[in-house]
> 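Quick one: structure below, then a few questions.
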Amino acid sequence: MELSSMLEHVAEELRLARAAGGMSQTALAEALAYSGALVAKVETCERRPGLDFARRCDAVFGTDGRFERIQRRISRETVVPWFRDWPGIEAEATALRWFEPLCVPGLLQTEGYARALLSGGGLFAPEEVEQQVTTRLDRQSVLTRDRPPLLTFVVDEHVLRRRVGGPEVVREQLRHLVKVGAALPRVRIHVVPLSAGAYPGINGPFVIATPPHGEDVVYQEGQLHAQVIDRADHVRQMVEVWESIRGEALSHQQSLDLMTEVAETWT
């Protein structure tokens with residue numbers, strides 16, 4: 001059975017079970033201790049259910065493992081290639097572990113840096129650039145919301161030394177990183193120094209998100225596509241990669257000191 005058909009199957013089973021129990025989406029969300037938005041997305045095939053979600057459905061409806069069995073069949077698929085799912089996951093997460101070897105992570109970018117990055121290469125029309133800049137900056141509200149997630153960023157030192165939009169743009173960006181890292185207690189920024197040589201991070205960027213309920217998921221973005229990975233064995237492997245990368249990085253304070261030092265070289 002194709003992934004789309006399996007998602008339709010679980011959505012139909014959820015709607016039928018909810019109707020049989022005389023429950024609204026809001027009432028079901030309360031019973032599951034999940035958001036109403038998530039229940040709605042599962043019922044419209046926009047989000048695959050996690051194992052914890054499925055088990056709670058079985059408990060609420062008394063369905064003797066039916067939802068868990070369906071969920072395990074879905075999870076045999078490796079990835080869900082929908083970026084539209086990621087902003088919701090990012091916004092709801094209680095923790096984000098973000099590694100970037102090439103550029104400043106989106107949640108930490110200044111407007112000037114984001115615009116220069118998106119304008120580079122001329123791939124987007126000016127109006128598309130401005131739309132993406134606005135979207136990227138809007139996402140940064142997660143940093144200062146009530147009860148913000150625990151945010152840990154690791155970047156390669158090359159990120160600090162890459163010319164993006166000119167010296168003044170990079171200098172402003174690095175000073176912004178130092179300001180955010182010093183002012184927000186739930187934000188930690190670490191730099192892997194050039195002296196680390198070859199390490200697992202050179203294989204590419206990724207983010208590990210911890211949702212309010214259920215298991216971690218991994219987000220990986222490529223040139224032409226992005227994917228959300230929630231297969232347990234793949235997530236475990238990426239957590240191991242994260243721990244290895246984090247072990248190569250400087251402490252938070254050492255990293256802020258290095259960013260301050262490098263900022264002054266961009267004149």
Side-chain angles (χ1 to χ4, degrees), residues 34-35 37-38 41 47-48 50 52-53 79-110 113-114 117 132 135-156 159-160 173 176-192 200-201 203-222 226-232 234-253 255-256 259:
Y34 273 87
S35 69
L38 178 62
K41 286 182 178 181
R47 178 79 68 85
R48 88 161 81 181
D52 181 73
F53 182 92
V79 298
V80 180
W82 300 325
F83 174 73
R84 68 171 182 268
D85 217 25
W86 177 250
I89 295 171
E90 183 181 76
E92 295 170 1
T94 60
L96 292 170
R97 287 169 280 179
W98 191 320
F99 172 68
E100 270 287 356
L102 301 174
C103 62
V104 172
L107 292 183
L108 298 176
Q109 290 175 10
T110 62
Y113 187 95
L117 201 62
Q132 290 199 45
T135 299
R136 187 162 298 184
L137 296 178
D138 286 347
R139 285 168 51 205
Q140 295 180 3
S141 62
V142 71
L143 297 171
T144 53
R145 75 183 189 200
D146 291 338
R147 294 187 176 182
L150 184 62
L151 296 158
T152 306
F153 300 93
V154 178
V155 300
D156 193 285
V159 171
L160 314 183
Q173 174 64 76
H176 177 70
L177 291 178
V178 174
K179 180 180 178 180
V180 170
L184 301 181
R186 292 184 65 80
V187 174
R188 287 291 178 268
I189 306 172
H190 302 273
V191 177
V192 177
N203 291 323
F206 62 91
V207 188
I208 302 172
T210 300
H213 306 283
E215 300 78 21
D216 290 350
V217 296
V218 173
Y219 174 71
Q220 290 182 297
E221 189 170 5
Q227 57 191 30
V228 176
I229 303 171
D230 61 2
R231 259 184 61 168
H234 287 232
V235 173
R236 278 196 302 271
Q237 289 175 10
M238 293 311 298
V239 170
E240 291 177 2
V241 171
W242 166 265
E243 293 297 339
S244 179
I245 292 171
R246 178 66 187 83
E248 298 287 351
L250 301 174
S251 72
H252 175 66
Q253 188 57 54
S255 298
L256 296 186
M259 287 185 284

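Numbering of residues begins at 1 and proceeds along the displayed sequence. Computed from a predicted structure; not experimentally measured.
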> Using side-chain contact (heavy atoms from CB on, under 4.5 Å), reason through W242 and V218 one step at a time and then give a plain yes or no.
CA-CA 11 Å; W242 166 265; V218 173; over 6 Å; no
> Atom CG in L151, atom CG in L184: separation rounded to 0.5 Å?
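Reported value, rounded in 0.5 Å steps: 9.0 Å.
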> Assess the residue pair V241 and F99 against the criterion (side-chain contact (heavy atoms from CB on, under 4.5 Å)); give the C-alpha distance rounded to whole Å, side-chain angles, the decisive distance to 0.1 Å, and a yes or no.
CA-CA 10 Å; V241 171; F99 172 68; over 6 Å; no
> Can you confirm whether V207 sits close enough to E90 that some side-chain heavy atom of one is under 4.5 Å from a side-chain heavy atom of the other?
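Not touching, per the 4.5 Å side-chain cut-off.
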> Kindly say whether V104 contributes a backbone atom to a donor-acceptor pair with the side chain of Y113 at under 3.5 angstrom?
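Present.
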> Quick one: closest heavy-atom pair of C103 and E100, and the distance?
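In terms of heavy atoms, the two residues are closest at O-CB, 3.2 Å.
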> Where do R136 and G106 come nearest, in terms of heavy atoms and distance?
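So the minimum-distance heavy-atom pair works out to CG-O, 3.8 Å.
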> State the OG1-CD distance between T135 and Q140, to the nearest 0.5 angstrom.
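Reported to 0.5 Å precision, the distance equals 11.5 Å.
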> Output yes when a side-chain donor or acceptor of R246 lies under 3.5 Å from a complementary backbone atom of H190, and no otherwise.
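Answer holds: no.
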> Could you go through E248 and V154, starting from their C-alpha distance and side-chain angles, then the distance that decides it, and tell me whether this counts as side-chain contact (heavy atoms from CB on, under 4.5 Å)?
CA-CA 10 Å; E248 298 287 351; V154 178; over 6 Å; no
> Please check this pair: side chain of Q173 against backbone of T110, looking for a donor-acceptor N/O pair closer than 3.5 Å.
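Checking the backbone N and O of T110 against the side chain of Q173, a donor-acceptor pair under 3.5 Å is found.
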> Relative to each other, are the rings of W98 and F153 parallel, tilted or perpendicular (30° and 60° limits)?
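The rings of W98 and F153 sit tilted, inter-plane angle from 30° to 60°.
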> Could you measure the distance from the CD atom of Q220 to the CD1 atom of I229? Nearest 0.5 Å is fine.
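Spacing of CD (Q220) from CD1 (I229) equals 4.0 Å.
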> With L177, which of L256, V187, L108 fulfils side-chain contact (heavy atoms from CB on, under 4.5 Å)?
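When L256, V187, L108 are each tested with L177, the side-chain contact (heavy atoms from CB on, under 4.5 Å) holds only for L108.
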> For the NZ atom of K179 and the CE atom of M259, what is their distance to the nearest 0.5 Å?
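These two atoms lie 14.5 Å from each other.
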> Which heavy atom of L96 sits nearest a heavy atom of A93, and at what distance?
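That closest heavy-atom pairing would be CD2-CB, 3.9 Å.
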> For a side-chain contact (heavy atoms from CB on, under 4.5 Å) check, start with the C-alpha distance between Q109 and L117, then their side-chain angles and the critical distance, and finish with the verdict.
CA-CA 10 Å; Q109 290 175 10; L117 201 62; 3.6 Å; yes
> Closest approach of P148 and R186, non-hydrogen atoms and distance?
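Looking at all heavy atoms of both residues, the shortest contact is O-NE, 2.7 Å.
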> If I take atom CE from residue M238 and atom CD from residue E243, how far apart are they, to the nearest 0.5 angstrom?
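Going from CE on M238 over to CD on E243, the span is 12.0 Å.
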> Roughly how far, to the nearest 0.5 Å, is the OG1 atom of T210 from the CD1 atom of I89?
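Atom-to-atom, I89:CD1 and T210:OG1 are 11.5 Å apart.
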> Hey, does L143 have a side-chain heavy atom less than 4.5 Å from the side chain of P149?
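In short, these two side chains do not touch, never coming nearer than 4.5 Å.
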